[in-house]
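Ligands are counted one by one from 1 in listed order, and the atoms in each one are counted from 1 as well.
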Amino acid sequence: MSSSGLPAPTTRFAPAPTGRLHLGHLANAIYVWGLARQGGGRVLLRVEDHDRQRCRPEFETALLDDLDRLGIAADEPSTDDLRRGPSRYRQSDNGPLYAATVDDLVAAGLAYACDCTRATFAAWRSEHRGSWTGPGCPGGCRARTLTIGAGLGIRAALGDGDEAWVDELRGPSVGLVAASGDLLVRDRNGNWTYALCVVVDDLRHGVDLVVRGEDLLEATAPQIRLGRLLGRPAPPRFAHHPLVRRPDGSKLSKADNATAVGELLDAGRSARALLGEAAARVGLLDGPRSISFGEALSLLG
Ligand code: GLU
């Protein structure tokens, strides 16, 4: 139990190795470890490399090295555990688990093959002067009972309506379960999707506090619903924090070398300076100054 009376949370830092760690990840780390510490809880490190086309082993190597250089360590696993080989905390090592989950959904009549492409959605948009919203998909694939196989996606029919949660940072929140169709759980290239992997992993890893950027707000309602369908008795708690943005307000991208942590460290910036800059850019500090990771965590109260 924490001093707040709530059970000590288990949360996770879960970057996708599709590029270098950037200042946005640093801000996320401050919130993840900060809220974990506030609740007397622990942090897991998870490598979210479900997208086999976009993720690269050299990005994972850099990610682990960058965390070590910053002095940021999870309670489990260590960066060396991940370097040593297969892990329950690396999504690409756990494909059979995601496959079994989808098999169960298919057997229960809750998942189906879908041949809709971006073009199918675009054609619907131009024909109906608006995006596809609500359950299903523009191709009516559920009723067509296509055979699951190479080149087709798989969608989970999560139903309609919304899900509400009390966000730890934003207060009472609500989101649509099917804002743009049934949830894709496997894409046409055969990748298990982010939405599927994150729900399966949060359940099997015992994660009960999800701390992430507010760009993922729309992902939350379908994830709550999918978790319930997979037998999760209660959803995790959620905390969505502000993003580090470019001066014009747009989102940072992993391709922005100007904010890549490893490159900034190589160029002589200190870990403390980068932590201070990340904290300032999400409003936790009035302006950038050098701070330790411990000091950064205490900015959350
Ligand atoms: N892997 C996701 C990302 O890098 C974060 C997942 C999450 O926190 O739910 O954006």
Within ligand 1, which atoms have a heavy atom of Glu48 less than 4.0 Å away?
1 (N), 2 (C), 5 (C), 6 (C)
Quick test of your reading of the model: are Asp162 and Arg225 salt-bridged, counting only N-O distances below 4.0 Å?
no
Determine whether more than 12 heavy atoms belonging to other residues, nucleotides or ligands lie under 6.0 Å from atom CZ of Arg83.
yes
For Arg12, the atoms of ligand 1 under 4.0 Å from one of its heavy atoms are 7 (C), 8 (O), 9 (O)
Are any of the heavy atoms in Val198 under 4.0 Å away from ligand 1?
yes
With Ile291 as reference, evaluate Leu285, Ile30, Leu284 under the side-chain contact (heavy atoms from CB on, under 4.5 Å) test and give the passing residue.
Leu285
So is Val211 polar-close to ligand 1, meaning N/O to N/O under 3.5 Å?
no
Distance (rounded to the nearest 0.5 Å) between Leu63 CG and His25 NE2
7.5 Å
